[in-house]
Amino acid sequence: MNSPIRRISAGCLLLCVALLINATYVQAFWADDLNARSENRRVLLDEYSRERGPILLADDTPIAQSVPVDDEYQFQRQYPEGPMYAPVTGYYSYFFGRTAMERAQNDILSGDDDRLFVRRLIDLVTGEEPRGGAVRLTIDPAAQQAAWDGLTESGYKGAVVAIDVQTGAILAMVSTPSYDPNPMASHATEVQQETRDALAADPNKPDLNRAIAQRLPPGSVFKLVTAAAALESGDFEPGTEVPGPAEYDVPLSTNMLPNQNGRACADGTPTLTEALRVSCNTAFAYLGNQVGEDALREQAEKFGFGTQPLTNDDMNAATSVFPAELDDALLAYSAIGQYDVSATPLQMAMVSAAIANDGVLMEPYLVREVSGPDLVSPIERTEPEERTRAVSPETAQELTEMMVDVVENGTGENAQIDGIEVAGKTGTAQSSADRPPYAWFTSFAPADEPSVAVAVVIEDAPDTARDDIGGGRLAAPIARDVMEAVLGS
């Protein structure tokens with residue numbers, strides 16, 4: 001064999017070896033990534049031909065399930081309660097992929113999770129058709145229904161989150177306006193496309209989970225964080241008198257920060273308890289400057305600001321924000337939940353939950369357990385886990401008593417429940433002069449033995465609600481109904 005032929009042969013051999021190495025590398029190391037790509041239609045067709053596992057509520061009611069159909073896909077995904085649970089379930093679409101829990105728990109629901117390997121092996125040997133596992137959520141159907149009714153019957157745009165204060169389990173998660181995920185699971189391409197186009201074009205963003213994915217200025221409900229920082233400093237007690245003039249002379253600024261009603265609070269020298277009761281802007285702006293930027297930021301972070309709230313459940317929750325750098329002027333506005341302070345309803349429910357739980361913030365979670373296709377044998381169960389100590393037990397008790405005073409004698413009276421002591425805080429946050437304010441309410445009950453914390457936000461509060469009465473009048477009744485549903489179930 002002459003030299004040129006030997007070189008060509010050697011080159012061909014090297015190319016064959018390189019091809020074999022590449023094929024082996026792809027199969028050994030890239031297989032999972034390639035299978036996970038949304039454009040990999042072969043994998044999706046394989047998934048569609050398999051019975052996908054259900055998503056269940058705490059009482060085992062299915063809110064997402066697959067039913068047999070007579071077409072090439074063999075199974076059709078259905079969402080029996082449609083819009084009420086859409087922010088939680090999301091949708092499972094052949095052309096647009098997966099969202100929310102359908103995406104976060106896809107491996108279990110599709111049956112591809114490594115923990116189901118033995119089950120798949122048994123099905124292969126016995127000739128059974130493979131099926132996906134089940135996901136059981138922490139959602140309480142009575143609480144979810146109460147939250148849904150409270151928002152939809154009034155036509156509000158907003159969100160509600162309820163949390164078990166002792167475990168961190170999310171008992172309700174509602175966002176309105178919502179959408180019907182069933183058309184997104186249709187096997188007709190044009191139906192999916194038309195539905196997706198309509199969702200994208202809707203200015204109200206019905207497919208946005210406002211409960212966890214949208215940050216808004218929290219306004220006066222953030223005063224709980226400022227009050228906590230003041231009490232934790234050791235320089236203030238609930239009975240300490242603080243300045244509460246009609247206007248606060250903002251440091252380093254020519255601006256005057258007013259109270260909503262334009263009047264002084266409690267003759268100008270309210271106690272800390274009285275300042276929270278009437279939601280005195282000037283008193284809390286003063287407190288913010290007194291405790292300082294670092295202490296206020298540290299307190300906010302202990303309540304969960306600045307960190308991902310749902311570390312156990314991959315639901316794309318937004319991280320609430322306390323500004324990184326502030327001068328004394330901006331600190332005054334931040335102390336009352338304005339300027340660049342922003343929070344989700346989940347975050348404000350976490351603040352109340354931590355206060356209710358003797359100052360300990362638990363990790364919030366949505367998935368109670370996952371199980372195999374038999375729906376009986378749990379594969380993994382979420383165990384309650386402490387996240388941080390937000391405040392001392394003594395401060396938590398003082399804040400609880402102050403929040404009870406808000407409901408019994410202040411702006412939160414619409415949250416009162418017969419025979420049950422409720423702790424709460426109202427809030428209304430200004431966004432801009434040309435749009436309505438945001439009405440907030442965060443609370444927990446029973447105050448003496450807390451079990452549930454609730455946060456409610458209404459985005460387009462009427463113009464008449466440009467003070468904290470708006471949060472008490474519009475949002476507090478919804479929180480009350482959700483708490484009653486949980487306590488009565």
Exercise for the section: For residues W440 and P217, report the shortest heavy-atom separation together with the two atoms involved. Expected result: NE1-O, 3.1 Å
Handout entry: Flag, side chain of S110 to backbone of N106, donor-acceptor distance under 3.5 Å
Key = yes
Handout entry: Heavy-atom check, side chain of L224 versus side chain of L276, under 4.5 Å
Key = yes
Practice task
Answer whether the closest heavy-atom distance between the side chains of V160 and I478 falls below 4.5 Å.
Solution key: yes
Problem - Main-chain N/O of D107 paired with D112 side-chain donor or acceptor, under 3.5 Å - result: no
Problem - Taking every non-hydrogen atom, the tightest pair across V191 and P183 - result: CG1-O, 3.7 Å
Handout entry: R52 NZ/CZ over Y92 ring centroid, <6.0 Å and within 45° of normal
Key = yes
Completion exercise
So salt bridge (charged side-chain N to carboxylate O under 4.0 Å, His left out) across residues 166-183, not counting sequence neighbours, yields none
Handout entry: Test item: R136 side-chain N/O and V370 main-chain N/O as donor-acceptor pair under 3.5 Å
Key = no
Problem - 4.5 Å side-chain heavy-atom contact, R381 and E383 - result: yes
Problem - Side-chain donor/acceptor of S175 to backbone N/O of R210, under 3.5 Å - result: yes
Practice task
Using modelled atom types only, decide if a donor and an acceptor are shared between the side chain of Q299 and the backbone of A390 within a distance under 3.5 Å.
Solution key: yes
Exercise for the section: Using a 4.5 Å cut-off on heavy atoms from C-beta on, say whether the side chain of V454 contacts that of F444. Expected result: no
Practice task
List the steps and the verdict of side chain to side chain contact (heavy atoms under 4.5 Å, CB included) for V422 and M483.
Solution key: CA-CA 9 Å; V422 177; M483 288 186 287; 3.8 Å; yes
Exercise for the section: Measure the spacing between CD1 of I63 and CD1 of I55 and express it to the nearest 0.5 Å. Expected result: 6.0 Å
Handout entry: Partners passing side-chain hydrogen bond (donor to acceptor under 3.5 Å, both in side chains) against R389 (at least two apart in sequence or in another chain)
Key = none
Exercise for the section: Only counting residues at least two apart or in another chain, list the ones meeting side-chain hydrogen bond (donor to acceptor under 3.5 Å, both in side chains) with Q214. Expected result: E459
Handout entry: Residue list, ring pair (Phe, Tyr, Trp, His ring centres under 6.0 Å) with F222, at least two apart or on another chain
Key = F305, F322
Exercise for the section: Could you tell me whether a side-chain N or O of Q74 sits under 3.5 Å from a main-chain N or O of V69, the two making a donor and an acceptor? Expected result: no
Handout entry: Check against side chain to side chain contact (heavy atoms under 4.5 Å, CB included), L137 and V135
Key = CA-CA 6 Å; L137 304 180; V135 175; 3.9 Å; yes
Exercise for the section: Could you grab the distance from atom CG of N182 to atom CZ of R77, nearest 0.5 Å is fine? Expected result: 10.5 Å
Handout entry: Any residue meeting salt bridge (charged side-chain N to carboxylate O under 4.0 Å, His left out) with R297, in chain and number order, not counting sequence neighbours
Key = E293, D294
Problem - Interatomic spacing from CD1 in I170 to CG in N312 - rounded to 0.5 Å - result: 9.5 Å
Exercise for the section: Return yes if a side-chain donor-acceptor contact under 3.5 Å exists between Q144 and D140, otherwise no. Expected result: no
Exercise for the section: Answer yes if the side chains of E102 and Y79 hold a donor-acceptor pair under 3.5 Å, and no otherwise. Expected result: yes
Exercise for the section: Could you tell me whether a side-chain N or O of T138 sits under 3.5 Å from a main-chain N or O of V367, the two making a donor and an acceptor? Expected result: no
Problem - Donor-acceptor contact present, side-chain D202 to main-chain N204, <3.5 Å - result: yes
Practice task
Would you confirm whether the ring centroid of Y73 sits within less than 6.0 angstrom of the ring centroid of Y94?
Solution key: yes
Exercise for the section: Answer yes if the side chains of S220 and K223 hold a donor-acceptor pair under 3.5 Å, and no otherwise. Expected result: yes
Exercise for the section: Kindly say whether L310 contributes a backbone atom to a donor-acceptor pair with the side chain of Q308 at under 3.5 angstrom? Expected result: yes
Completion exercise
Of T344, N316, L366, L346, the one forming a side-chain contact (heavy atoms from CB on, under 4.5 Å) with I212 is L346
Problem - Within residues 152-169 or reaching into it, pairs that qualify as salt bridge (charged side-chain N to carboxylate O under 4.0 Å, His left out) - sequence neighbours excluded - result: K157-D460
Exercise for the section: Report the distance from atom CG of D313 to atom CD of Q105, rounding to the nearest 0.5 Å. Expected result: 7.0 Å
Practice task
Take I139 and Y85, measure what side chain to side chain contact (heavy atoms under 4.5 Å, CB included) needs, and give me the verdict at the end.
Solution key: CA-CA 10 Å; I139 298 292; Y85 290 99; 3.8 Å; yes
Practice task
Taking the side chain as every heavy atom from C-beta outward, state whether N357 and Q166 have any pair of such atoms under 4.5 Å apart.
Solution key: yes
Practice task
Let me know which of S279, S443, S352 forms a side-chain hydrogen bond (donor to acceptor under 3.5 Å, both in side chains) with K425.
Solution key: S279
Exercise for the section: Spell out, as yes or no, whether a donor-acceptor pair under 3.5 Å connects the side chain of R387 to the backbone of K302. Expected result: no
Practice task
Compute whether any side-chain donor of one residue and acceptor of the other, for E363 and T311, lie under 3.5 angstrom apart.
Solution key: yes
Handout entry: S66 and E51 side chains, donor-acceptor separation under 3.5 Å
Key = no
Problem - Note, V174 side chain near L151 side chain (heavy atom, < 4.5 Å) - result: yes
Exercise for the section: Verify the neighbour count for atom CG of D70: are there more than 12 heavy atoms of other residues, nucleotides or ligands below 6.0 Å? Expected result: no
Practice task
Check whether any side-chain heavy atom of T426 lies under 4.5 Å from a side-chain heavy atom of R473, and answer yes or no.
Solution key: no
Handout entry: S93 and R98 side chains, donor-acceptor separation under 3.5 Å
Key = no
Problem - Heavy-atom pair of closest approach, residues V407 and A423 - result: CG2-C, 3.9 Å
Exercise for the section: Start with the C-alpha gap between T442 and V351, add the side-chain angles, then the distance that decides, and say whether side chain to side chain contact (heavy atoms under 4.5 Å, CB included) holds. Expected result: CA-CA 8 Å; T442 185; V351 171; 5.7 Å; no
